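Following: one structure in C-alpha coordinates, then a few remarks.
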Amino acid sequence: KPLAGLLPQQAMTELFATVMQTGRQHAAEYSLEGGRILLLQAAPLHRPGETWGAVGILQDVTEIRRMEQLRRDFVANVSHELRTPMTSIQGFVEALLDGLAEDKASRLHYLQIILAETVRLNRLITDLLDLSRLEMQQIPLPLEAVDLASLIRDVTAKLQPQVEKNGLTLKVNLPERLQPVTGNYDRLQQVLINLCSNAIAFTPPGGRITVTAREIGELVRVSVSDTGPGIPVEEQDKIWQRFHRVDKARSRSLGGTGLGLAIVKQIIEAHGGSVGLTSMPGEGATFSFTLKIADNAAG
(Lines give C-alpha, C1' and ligand atoms only; values in the text may rest on other atoms or scores of the structure.)
Protein backbone atom coordinates (compact mmCIF):
# COMPACT_ATOMS: atom_id res chain seq x y z
CA LYS A 1 0.00 0.00 0.00
CA PRO A 2 1.19 3.57 -0.57
CA LEU A 3 2.66 5.02 2.63
CA ALA A 4 0.41 8.09 2.40
CA GLY A 5 -2.62 5.79 2.74
CA LEU A 6 -1.37 4.39 6.05
CA LEU A 7 -0.67 7.66 7.90
CA PRO A 8 -3.23 10.28 9.00
CA GLN A 9 -1.14 13.27 7.84
CA GLN A 10 0.91 14.04 4.73
CA ALA A 11 3.64 15.49 6.97
CA MET A 12 4.27 12.01 8.38
CA THR A 13 4.88 10.64 4.90
CA GLU A 14 7.27 13.53 4.28
CA LEU A 15 9.16 12.68 7.48
CA PHE A 16 9.76 9.14 6.19
CA ALA A 17 10.96 10.61 2.89
CA THR A 18 13.40 12.86 4.79
CA VAL A 19 14.77 9.87 6.70
CA MET A 20 15.28 7.98 3.45
CA GLN A 21 17.01 10.93 1.79
CA THR A 22 19.29 11.91 4.68
CA GLY A 23 19.97 8.48 6.10
CA ARG A 24 19.42 9.84 9.60
CA GLN A 25 16.68 9.24 12.15
CA HIS A 26 14.03 11.92 12.75
CA ALA A 27 11.09 12.38 15.11
CA ALA A 28 8.15 14.79 15.22
CA GLU A 29 4.78 15.25 16.91
CA TYR A 30 1.54 15.84 15.04
CA SER A 31 -1.76 17.20 16.32
CA LEU A 32 -4.81 15.58 14.76
CA GLU A 33 -8.44 16.62 14.63
CA GLY A 34 -10.18 15.79 17.87
CA GLY A 35 -7.17 16.74 19.99
CA ARG A 36 -5.08 13.58 19.61
CA ILE A 37 -1.30 13.99 19.52
CA LEU A 38 0.86 11.39 17.77
CA LEU A 39 4.64 11.02 18.06
CA LEU A 40 6.36 9.53 15.01
CA GLN A 41 9.94 8.31 15.37
CA ALA A 42 11.54 7.02 12.16
CA ALA A 43 15.00 5.55 11.57
CA PRO A 44 16.73 4.48 8.34
CA LEU A 45 17.47 0.88 7.37
CA HIS A 46 20.94 0.58 5.87
CA ARG A 47 22.79 -1.98 3.80
CA PRO A 48 26.18 -1.53 2.19
CA GLY A 49 26.14 1.51 -0.01
CA GLU A 50 22.49 2.49 0.38
CA THR A 51 19.50 3.28 2.58
CA TRP A 52 16.94 0.76 1.43
CA GLY A 53 14.06 1.66 3.78
CA ALA A 54 12.94 3.12 7.09
CA VAL A 55 11.16 1.87 10.17
CA GLY A 56 8.85 4.02 12.21
CA ILE A 57 7.18 3.87 15.61
CA LEU A 58 3.91 5.75 15.96
CA GLN A 59 2.88 6.49 19.56
CA ASP A 60 -0.25 8.18 20.90
CA VAL A 61 1.13 10.69 23.45
CA THR A 62 -2.11 12.61 23.99
CA GLU A 63 -2.47 11.66 27.65
CA ILE A 64 1.24 12.17 28.37
CA ARG A 65 1.13 15.70 26.95
CA ARG A 66 -2.11 16.44 28.78
CA MET A 67 -0.55 15.43 32.09
CA GLU A 68 2.58 17.48 31.37
CA GLN A 69 0.41 20.52 30.65
CA LEU A 70 -1.59 19.94 33.84
CA ARG A 71 1.64 19.76 35.82
CA ARG A 72 2.93 22.99 34.27
CA ASP A 73 -0.39 24.72 34.92
CA PHE A 74 -0.44 23.44 38.49
CA VAL A 75 3.07 24.76 39.24
CA ALA A 76 2.21 28.11 37.66
CA ASN A 77 -1.07 28.36 39.59
CA VAL A 78 0.51 27.42 42.92
CA SER A 79 3.29 29.95 42.38
CA HIS A 80 0.75 32.67 41.59
CA GLU A 81 -1.54 31.82 44.51
CA LEU A 82 1.37 31.78 46.98
CA ARG A 83 2.96 34.93 45.60
CA THR A 84 -0.16 37.08 45.99
CA PRO A 85 -0.50 36.85 49.82
CA MET A 86 3.28 36.78 50.30
CA THR A 87 3.66 40.02 48.34
CA SER A 88 0.92 41.63 50.42
CA ILE A 89 2.46 40.47 53.71
CA GLN A 90 5.92 41.68 52.66
CA GLY A 91 4.58 45.09 51.63
CA PHE A 92 2.77 45.77 54.89
CA VAL A 93 5.63 44.46 57.08
CA GLU A 94 8.04 46.78 55.23
CA ALA A 95 5.60 49.65 55.75
CA LEU A 96 5.53 48.95 59.49
CA LEU A 97 9.34 48.74 59.66
CA ASP A 98 9.66 52.00 57.74
CA GLY A 99 7.37 53.73 60.21
CA LEU A 100 4.69 54.57 57.66
CA ALA A 101 1.98 53.57 60.14
CA GLU A 102 2.37 56.51 62.48
CA ASP A 103 -0.59 55.95 64.76
CA LYS A 104 -2.05 52.95 66.57
CA ALA A 105 -5.12 52.73 64.28
CA SER A 106 -2.94 52.52 61.15
CA ARG A 107 -0.68 49.90 62.71
CA LEU A 108 -3.72 47.86 63.74
CA HIS A 109 -5.12 48.09 60.20
CA TYR A 110 -1.83 46.88 58.69
CA LEU A 111 -1.61 44.01 61.18
CA GLN A 112 -5.19 42.95 60.44
CA ILE A 113 -4.35 42.76 56.71
CA ILE A 114 -1.19 40.75 57.46
CA LEU A 115 -3.23 38.37 59.63
CA ALA A 116 -5.92 37.93 56.96
CA GLU A 117 -3.30 37.18 54.29
CA THR A 118 -1.52 34.73 56.64
CA VAL A 119 -4.81 32.92 57.29
CA ARG A 120 -5.44 32.77 53.54
CA LEU A 121 -1.93 31.41 52.96
CA ASN A 122 -2.41 28.76 55.64
CA ARG A 123 -5.78 27.77 54.14
CA LEU A 124 -4.20 27.40 50.70
CA ILE A 125 -1.38 25.20 52.02
CA THR A 126 -3.84 23.07 54.02
CA ASP A 127 -6.02 22.58 50.94
CA LEU A 128 -2.99 21.68 48.82
CA LEU A 129 -1.87 19.07 51.36
CA ASP A 130 -5.41 17.70 51.67
CA LEU A 131 -5.79 17.39 47.91
CA SER A 132 -2.38 15.76 47.52
CA ARG A 133 -3.07 13.20 50.24
CA LEU A 134 -6.52 12.45 48.83
CA GLU A 135 -5.11 11.89 45.35
CA MET A 136 -2.41 9.59 46.75
CA GLN A 137 -4.96 7.87 49.00
CA GLN A 138 -2.90 8.76 52.07
CA ILE A 139 -5.82 10.10 54.12
CA PRO A 140 -7.49 7.38 56.21
CA LEU A 141 -11.12 7.14 55.19
CA PRO A 142 -12.84 4.79 57.64
CA LEU A 143 -16.36 4.19 56.36
CA GLU A 144 -19.51 3.62 58.38
CA ALA A 145 -23.25 4.01 58.06
CA VAL A 146 -23.86 7.78 58.11
CA ASP A 147 -27.21 9.37 58.92
CA LEU A 148 -27.16 11.78 56.01
CA ALA A 149 -30.32 13.61 57.06
CA SER A 150 -28.77 14.52 60.42
CA LEU A 151 -25.53 15.55 58.76
CA ILE A 152 -27.35 17.87 56.35
CA ARG A 153 -29.34 19.46 59.19
CA ASP A 154 -26.16 19.94 61.27
CA VAL A 155 -24.29 21.61 58.41
CA THR A 156 -27.14 23.92 57.43
CA ALA A 157 -27.64 24.91 61.08
CA LYS A 158 -23.95 25.84 61.35
CA LEU A 159 -24.18 27.95 58.21
CA GLN A 160 -27.44 29.70 59.12
CA PRO A 161 -25.73 32.80 60.62
CA GLN A 162 -23.74 33.24 57.40
CA VAL A 163 -26.92 32.78 55.36
CA GLU A 164 -28.73 35.48 57.34
CA LYS A 165 -25.74 37.83 57.22
CA ASN A 166 -25.80 37.64 53.40
CA GLY A 167 -29.55 38.24 53.24
CA LEU A 168 -30.37 34.79 51.87
CA THR A 169 -32.81 32.00 52.67
CA LEU A 170 -31.77 28.37 53.07
CA LYS A 171 -34.22 25.52 52.56
CA VAL A 172 -33.72 21.80 53.19
CA ASN A 173 -35.76 19.23 51.25
CA LEU A 174 -35.52 15.74 52.72
CA PRO A 175 -37.83 12.72 52.43
CA GLU A 176 -39.58 11.53 55.59
CA ARG A 177 -37.15 8.63 55.77
CA LEU A 178 -33.69 8.80 54.24
CA GLN A 179 -31.66 5.63 54.47
CA PRO A 180 -28.10 5.83 55.86
CA VAL A 181 -25.23 5.93 53.38
CA THR A 182 -21.77 4.40 53.49
CA GLY A 183 -19.29 7.18 54.17
CA ASN A 184 -16.96 9.08 56.42
CA TYR A 185 -18.89 11.61 58.49
CA ASP A 186 -16.13 14.24 58.74
CA ARG A 187 -15.25 14.16 55.04
CA LEU A 188 -18.89 14.27 53.93
CA GLN A 189 -19.40 17.22 56.26
CA GLN A 190 -16.43 18.89 54.54
CA VAL A 191 -18.08 18.30 51.16
CA LEU A 192 -21.42 19.80 52.22
CA ILE A 193 -19.84 22.80 53.94
CA ASN A 194 -17.78 23.49 50.84
CA LEU A 195 -20.73 23.31 48.43
CA CYS A 196 -23.05 25.32 50.68
CA SER A 197 -20.37 27.95 51.39
CA ASN A 198 -19.81 28.40 47.66
CA ALA A 199 -23.54 28.82 47.12
CA ILE A 200 -23.73 31.41 49.91
CA ALA A 201 -20.74 33.34 48.58
CA PHE A 202 -21.99 33.57 45.00
CA THR A 203 -25.71 34.13 45.56
CA PRO A 204 -26.77 37.81 45.67
CA PRO A 205 -28.85 39.14 48.60
CA GLY A 206 -32.46 38.04 48.44
CA GLY A 207 -31.49 34.76 46.83
CA ARG A 208 -32.29 31.20 47.88
CA ILE A 209 -30.20 28.09 48.53
CA THR A 210 -31.80 24.65 48.57
CA VAL A 211 -30.25 21.44 49.85
CA THR A 212 -32.03 18.32 48.61
CA ALA A 213 -31.49 14.59 49.15
CA ARG A 214 -33.29 11.85 47.23
CA GLU A 215 -32.91 8.08 46.97
CA ILE A 216 -32.29 6.81 43.43
CA GLY A 217 -32.13 3.03 43.39
CA GLU A 218 -29.15 1.98 45.52
CA LEU A 219 -27.83 5.55 45.69
CA VAL A 220 -28.65 8.79 47.44
CA ARG A 221 -28.20 11.98 45.43
CA VAL A 222 -27.55 15.19 47.37
CA SER A 223 -27.95 18.51 45.56
CA VAL A 224 -27.07 22.07 46.56
CA SER A 225 -28.91 24.61 44.37
CA ASP A 226 -28.63 28.39 44.35
CA THR A 227 -30.18 31.34 42.54
CA GLY A 228 -26.84 32.95 41.73
CA PRO A 229 -25.45 34.00 38.34
CA GLY A 230 -24.91 30.45 37.13
CA ILE A 231 -21.87 29.06 35.34
CA PRO A 232 -21.14 29.55 31.62
CA VAL A 233 -21.47 26.35 29.58
CA GLU A 234 -17.85 26.52 28.41
CA GLU A 235 -16.64 26.61 32.04
CA GLN A 236 -18.68 23.69 33.36
CA ASP A 237 -16.27 20.90 32.35
CA LYS A 238 -13.39 22.75 34.03
CA ILE A 239 -15.10 23.66 37.29
CA TRP A 240 -13.77 20.61 39.16
CA GLN A 241 -10.16 21.29 38.18
CA ARG A 242 -7.63 22.61 40.67
CA PHE A 243 -7.43 26.42 40.80
CA HIS A 244 -10.15 26.89 38.19
CA ARG A 245 -12.29 29.91 39.00
CA VAL A 246 -15.18 31.24 36.93
CA ASP A 247 -14.93 34.73 38.47
CA LYS A 248 -11.27 34.90 39.46
CA ALA A 249 -11.28 38.35 41.04
CA ARG A 250 -14.38 37.73 43.13
CA SER A 251 -13.32 34.24 44.19
CA ARG A 252 -10.03 35.56 45.47
CA SER A 253 -11.64 38.49 47.28
CA LEU A 254 -13.91 36.01 49.07
CA GLY A 255 -10.91 34.10 50.34
CA GLY A 256 -11.32 31.05 48.12
CA THR A 257 -8.29 28.94 47.23
CA GLY A 258 -9.65 27.50 43.99
CA LEU A 259 -9.20 23.99 45.38
CA GLY A 260 -12.52 23.40 47.13
CA LEU A 261 -14.37 21.70 44.28
CA ALA A 262 -11.33 19.59 43.37
CA ILE A 263 -11.28 18.36 46.99
CA VAL A 264 -15.03 17.67 46.87
CA LYS A 265 -14.56 15.57 43.73
CA GLN A 266 -11.69 13.58 45.26
CA ILE A 267 -13.63 12.88 48.48
CA ILE A 268 -16.77 11.73 46.69
CA GLU A 269 -14.86 9.54 44.24
CA ALA A 270 -12.99 8.00 47.20
CA HIS A 271 -16.47 7.04 48.48
CA GLY A 272 -17.26 5.37 45.15
CA GLY A 273 -19.67 8.14 44.17
CA SER A 274 -19.73 10.81 41.48
CA VAL A 275 -20.19 14.57 41.28
CA GLY A 276 -22.33 16.58 38.89
CA LEU A 277 -23.25 20.11 37.86
CA THR A 278 -26.23 21.56 36.04
CA SER A 279 -26.40 25.28 35.39
CA MET A 280 -27.73 27.90 33.02
CA PRO A 281 -26.16 31.36 33.04
CA GLY A 282 -28.41 33.73 34.95
CA GLU A 283 -30.51 30.89 36.39
CA GLY A 284 -28.32 29.60 39.22
CA ALA A 285 -26.40 26.36 39.58
CA THR A 286 -26.96 22.93 41.13
CA PHE A 287 -23.99 20.94 42.38
CA SER A 288 -24.70 17.33 43.25
CA PHE A 289 -23.04 14.13 44.39
CA THR A 290 -24.07 10.51 44.89
CA LEU A 291 -23.35 8.06 47.70
CA LYS A 292 -24.13 4.39 48.15
CA ILE A 293 -26.87 3.38 50.55
CA ALA A 294 -25.35 1.45 53.45
CA ASP A 295 -25.54 -2.33 52.98
CA ASN A 296 -27.34 -2.96 56.26
CA ALA A 297 -29.88 -0.26 55.33
CA ALA A 298 -30.53 -1.36 51.75
CA GLY A 299 -32.16 -4.56 52.85
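This one's a predicted model, so the numbers in the text were calculated from it and none came from an experiment.
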For this session: Provide the closest heavy-atom pair for Ser31 versus Gln9 in the form atom of the first, atom of the second, distance.
Result: O-NE2, 2.9 Å

Problem set entry | Inter-residue atom distance Lys265.NZ - Leu277.CG, 0.5 Å rounding | 13.0 Å

Problem set entry | Minimum side-chain heavy-atom gap Gln112-Arg107 below 4.5 Å | no

Problem set entry | Side-chain donor or acceptor of Thr227 paired with backbone N/O of Gly284 under 3.5 Å | no

Problem set entry | Asp103: partners by side chain to side chain donor-acceptor pair (under 3.5 Å), with sequence neighbours left out | Ser106

Exercise. Is it true that the side chains of Gln69 and Arg72 contain a donor and an acceptor less than 3.5 Å apart?
Worked result: yes

For this session: Determine whether more than 12 heavy atoms belonging to other residues, nucleotides or ligands lie under 6.0 Å from atom CD of Gln25.
Result: no

Problem set entry | Stepwise salt bridge (Lys or Arg N to Asp or Glu O under 4.0 Å) test for Arg208 and Asp226 | CA-CA 6 Å; Arg208 183 179 68 259; Asp226 63 58; over 6 Å; no

Exercise. Counting only heavy atoms not in Asp237, do more than 12 sit closer than 6.0 Å to its CG atom?
Worked result: no

For this session: Check whether the side chains of Ser274 and Thr290 place a donor and an acceptor atom closer than 3.5 Å, and report yes or no.
Result: yes

For this session: Write down the atom of Val19, the atom of Ala54, and the distance for their closest heavy-atom approach.
Result: CG1-CB, 4.0 Å

Exercise. Does the side chain of Thr51 pick up a donor-acceptor pair with the side chain of His46 at under 3.5 Å?
Worked result: yes

Problem set entry | Side-chain heavy-atom pair Leu188, Val222 within 4.5 angstrom cut-off | no

Exercise. What's the shortest heavy-atom distance between Gly99 and Glu102, and which atoms?
Worked result: O-CG, 3.6 Å

Exercise. Between Leu291 and Ile268, is a side chain to side chain contact (heavy atoms under 4.5 Å, CB included) present by the stated rule, with each step listed?
Worked result: CA-CA 8 Å; Leu291 296 166; Ile268 294 303; 4.2 Å; yes

Problem set entry | Side-chain (Asn166) to main-chain (Leu168) donor-acceptor, under 3.5 angstrom | no

Problem set entry | Gln160 side chain to Lys165 side chain, donor-acceptor N/O pair below 3.5 angstrom | no

Problem set entry | Side chains of Glu215 and Gln179, donor plus acceptor under 3.5 Å | yes

Exercise. Within a radius of less than 6.0 Å around CG of Leu97, do more than 12 heavy atoms belonging to other residues, nucleotides or ligands occur?
Worked result: yes

Problem set entry | Test applied, side chain to side chain contact (heavy atoms under 4.5 Å, CB included); reference residue, Ile37; option that passes from Arg65, Gln59, Glu63 | Arg65

Problem set entry | Single-linkage hydrophobic cluster, 4.5 Å side-chain cutoff, Leu108 and Leu115 together | no

Exercise. Can you hop from Leu178 to Leu219 via hydrophobic side chains spaced under 4.5 Å?
Worked result: no

Problem set entry | Pairwise distance CD1(Ile113) to CZ(Phe92) - rounded to 0.5 angstrom | 3.5 Å

Exercise. Rounded to the nearest 0.5 Å, how far apart are OG1 of Thr278 and CZ of Phe287?
Worked result: 9.0 Å

Exercise. Just wondering, are more than 12 heavy atoms of other shown residues or ligands nearer than 6.0 Å to CD in Glu234?
Worked result: yes

Exercise. Mind checking whether Pro142 and Asn184 have side chains closer than 4.5 Å, heavy atoms only?
Worked result: yes

Problem set entry | Which atom of Ala213 lies closest to which atom of Leu174, heavy atoms considered | CB-CD2, 3.6 Å

Seminar exercise, completed: Across all chains, not counting sequence neighbours, the ring-ring contact (aromatic ring centres under 6.0 Å, His included) partners of Tyr185 are none

Exercise. Under a 4.5 Å side-chain heavy-atom rule over Ile, Leu, Val, Met, Phe, Trp and Tyr, are Tyr110 and Val93 clustered together?
Worked result: yes

For this session: Answer with yes or no whether the side chains of Ser225 and Thr286 bring together a donor and an acceptor at under 3.5 Å.
Result: yes

Exercise. Under 6.0 Å from the CZ atom of Arg214, do we count more than 12 heavy atoms belonging to anything else shown?
Worked result: yes

Exercise. Quick one: are Ile263 and Gln190 in side-chain contact, heavy atoms under 4.5 Å?
Worked result: yes

Exercise. Side-chain contact, heavy-atom cut-off 4.5 Å: Leu148 with Val220?
Worked result: yes

For this session: Please check if Val119 and Ile114 belong to a single hydrophobic cluster, counting links between Ile, Leu, Val, Met, Phe, Trp and Tyr side chain heavy atoms closer than 4.5 Å.
Result: no

For this session: Decide yes or no for Val211 and Thr156: does some side-chain heavy atom of the first lie under 4.5 Å from some side-chain heavy atom of the second?
Result: yes

For this session: Test Tyr30 against Leu39 for side chain to side chain contact (heavy atoms under 4.5 Å, CB included), laying out the working first.
Result: CA-CA 6 Å; Tyr30 304 91; Leu39 170 63; over 6 Å; no

Problem set entry | Pro281 to Pro232 - nearest heavy-atom pair and separation | CG-CA, 3.9 Å

Problem set entry | Rounded distance (nearest 0.5 Å) linking atom CG of Leu7 with atom CG of Leu38 | 9.5 Å

Exercise. Are any non-hydrogen side-chain atoms of Thr169 and Ile209 less than 4.5 angstrom apart?
Worked result: no

Exercise. Would Met86 end up clustered with Leu259 when hydrophobic side chains under 4.5 Å apart are linked, directly or stepwise?
Worked result: yes

Exercise. Looking only at heavy atoms, what is the nearest atom pair of Leu121 and Pro85, with distance?
Worked result: CD1-CG, 3.5 Å

Exercise. When you look at Gln41 and Leu58, which way does the side chain to side chain contact (heavy atoms under 4.5 Å, CB included) test go after all the steps?
Worked result: CA-CA 7 Å; Gln41 302 176 78; Leu58 199 58; over 6 Å; no

Exercise. How long is the span from the CD atom in Glu29 to the CG atom in Leu40, to the nearest 0.5 Å?
Worked result: 10.5 Å

Exercise. Roughly how far, to the nearest 0.5 Å, is CD of Glu164 from CG of Leu159?
Worked result: 11.5 Å

Exercise. Side chains of Thr210 and Asn173: closer than 4.5 Å at any heavy-atom pair?
Worked result: yes

Exercise. With sequence neighbours left out, what residues match Phe16 under ring-ring contact (aromatic ring centres under 6.0 Å, His included)?
Worked result: none

Problem set entry | Main-chain N/O of Ala42 paired to His26 side chain as donor or acceptor, under 3.5 Å | no

For this session: For a side chain to side chain contact (heavy atoms under 4.5 Å, CB included) with Thr13, tell me which candidate from Leu3, Leu6, Thr18 qualifies.
Result: Leu3

